[in-house]
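Okay, structure first, notes after.
Nothing here was measured: the structure is a model prediction, and the numbers come from that model. Side chains included, hydrogens not; waters and symmetry mates left out as well; all remaining heavy atoms used.
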2 protein chains.
Amino acid sequence: MSEQPNHFSLLIGQIWSAYKKQFTRIEVPAKTDLLKEGETAQKMFFIETGSVRVWHNHNGRDITCQFFFENNMVSSIESFKKDIVSPITIQTIEACVIWWIDKREMKKIIEEMKEVPQLRDMLVDALFERTFDYIKHFTTYILNTPEQRYLQVLRDRPELVQRIPQHYIASYLGITSVHLSRIKNKLAKGK
Amino acid sequence: MSEQPNHFSLLIGQIWSAYKKQFTRIEVPAKTDLLKEGETAQKMFFIETGSVRVWHNHNGRDITCQFFFENNMVSSIESFKKDIVSPITIQTIEACVIWWIDKREMKKIIEEMKEVPQLRDMLVDALFERTFDYIKHFTTYILNTPEQRYLQVLRDRPELVQRIPQHYIASYLGITSVHLSRIKNKLAKGK
DNA sequence: GACCGACGATAACATTTGTTATCAAATTAT
DNA sequence: ATAATTTGATAACAAATGTTATCGTCGGTC
């Protein structure tokens with residue numbers, strides 16, 4: 001979840017520098033679906049520039065679950081790993097430069113990595129890291145109010161508030177855009 | 001998160017059957033702290049019988065984050081792995097039979113496992129599985145109302161509603177016990 | 001058996017959050 | 001440049017959820 005340098009970004013850097021040739025570069029406009037809900041993930045994407053969101057159609061409501069920026073890889077991870085249909089859509093927010101790789105190629109890379117002790121440890125550590133991030137993320141939904149969650153995002157991921165339309169952030173925070181607007185208004189007055 | 005058989009429970013079964021001799025058996029009454037918030041985890045616990053919860057003190061409020069039952073291992077995983085102080089308390093709910101293992105021993109086991117391809121894959125798969133579970137869990141906090149989350153728990157983890165005091169479940173669902181009581185009342189009338 | 005603490009239900013009231021609608025500003029397409 | 005679309009603010013009202021307090025039940029303890 002976090003954008004700080006960690007095992008996950010190290011791992012991506014490693015993959016990216018060693019296997020770049022196996023990726024294909026594309027340029028896509030804003031609001032392009034890289035993977036649609038209901039399809040099975042056949043690719044994994046590396047974002048060179050731009051922003052991407054992962055969202056889920058919940059009873060006709062568009063709920064944003066995650067945001068991704070430069071130098072990150074994104075896929076419907078469970079669909080990718082288990083060959084099941086994706087519960088989520090992956091969509092660009094801004095125009096993007098994306099590099100994609102075929103699922104089979106990527107799985108080969110992962111198998112190769114498992115044979116190299118250093119990379120294998122990096123993989124395991126990265127998975128731990130991801131798990132920690134998710135624990136933290138969902139914990140804030142129990143512990144904190146929407147206002148506190150917004151302040152947390154403001155503090156920990158300011159690029160998000162700067163680059164992402166507010167209604168996506170609202171659904172990411174689990175509230176309506178009307179309510180987020182109220183929170184912002186209240187915070188502005190308080191200052 | 002889930003209690004269904006998966007890579008994680010297979011992994012635990014594997015560890016448990018192969019390394020049981022290195023664990024120490026203890027019997028503890030209900031409401032025993034196995035690890036206190038602020039301490040650094042020195043042990044990992046295997047639950048033979050009984051139930052355990054993980055909770056966090058949030059501004060004086062007791063917030064339950066997770067429940068564990070028989071045949072599961074529990075630790076403050078981030079504290080365990082990174083030697084940082086634990087943000088959570090691990091406490092028995094019912095009287096338990098617990099087997100604990102020292103952190104150093106457990107880390108040796110994990111290193112040994114990494115050398116055995118089959119176990120190593122199981123470890124990686126288990127971490128993926130955990131990550132998926134967490135994604136699912138925190139997703140429901142964005143997607144679902146407290147009532148829907150309660151119905152989900154009723155359906156997916158009925159043992160939880162049967163064995164765990166209601167106010168723990170309420171804080172696990174992110175609501176007050178008063179509100180959970182209202183939900184139950186409403187559901188009872190609806191039927 | 002009496003007492004005590006933990007647990008759960010309920011009521012009355014306060015606060016938070018959602019819903020719907022309208023408008024203005026900003027952005028994009030033609 | 002103009003029109004269309006997207007985005008964000010706001011208001012009025014409805015629904016959901018929290019807060020505090022009271023009460024009854026149940027299980028253990030002395």
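At whole-Å resolution of the value, CG in B:Asp62 and P in C:dC7 are 10 Å apart. Taking atom CD1 of B:Ile183 as the reference point, atom C1' of D:dG18 lies 12 Å away to the nearest angstrom. As rounded to whole Å, 13 Å separates atom C1' of D:dA16 from atom CD of B:Gln148. A:Tyr150 places its OH atom 10 Å from the P atom of D:dG8, with the value rounded to the nearest Å. Protein atom CD1 of B:Ile93 is 10 Å distant from nucleotide atom P of C:dC7, rounded to whole Å. Spacing between atom CD1 of B:Ile169 and atom P of C:dA9 amounts to 11 Å, rounded to whole angstrom units. Atom-to-atom, CG of A:Leu180 to C1' of C:dT16 comes out at 15 Å; the value is rounded to the nearest Å. Summarising the geometry, the separation between CG on B:Leu187 and C1' on C:dA9 is reported as 15 Å, rounded to the nearest angstrom.
Between the side chains of B:Lys36 and B:Gln91, no donor-acceptor pair of N or O atoms lies under 3.5 Å. Donor-acceptor pairing under 3.5 Å is recorded for the side chains of A:Tyr19 and A:Glu112. Side chains of A:Ser79 and A:Ser86: a donor-acceptor N/O pair is absent below 3.5 angstrom, by distance only.
Between B:Gln166 and C:dA9 there is a side-chain N or O to OP1 or OP2 distance below 4.0 Å. Checking the phosphate oxygens (OP1, OP2) of C:dT16, no side-chain nitrogen or oxygen of A:His179 falls inside 4.0 Å. One finds a side-chain N or O of A:Lys184 lying less than 4.0 angstrom from the OP1 or OP2 phosphate oxygen of D:dA9. Between B:Arg61 and D:dT19 there is a side-chain N or O to OP1 or OP2 distance below 4.0 Å. A:His167 has no side-chain polar atom (N or O) that falls below the 4.0 Å cut-off from OP1 or OP2 of D:dT6.
For A:Pro146, counting side-chain heavy atoms from C-beta on, the closest listed nucleotide (D:dA9, C:dT17, D:dT19) is C:dT17. Looking at the side chain of A:Pro165, the nearest of the listed nucleotides C:dA21, C:dC7, D:dT7 is D:dT7. Listed nucleotides D:dT19, D:dT6, D:dA11 differ in distance to B:Thr176; the shortest reach to its side chain belongs to D:dT19. With distances taken from any side-chain atom of B:Lys31 to the nucleotides C:dT20, C:dT10, C:dC7, the minimum falls on C:dC7.
You'll find the ring centres of A:Trp99 and A:Phe45 outside the 6.0 Å limit. Taking the six-membered ring where the residue is Trp, the centroids of B:Tyr168 and B:Trp55 are separated by 6.0 Å or more.
If you check every strand for non-hydrogen atoms under 4.0 Å, B:Ile175 touches sugar and phosphate atoms only.
If you check distances only, the side chain of B:Arg182 does reach the base of D:dG18 with a donor-acceptor pair under 3.5 Å.
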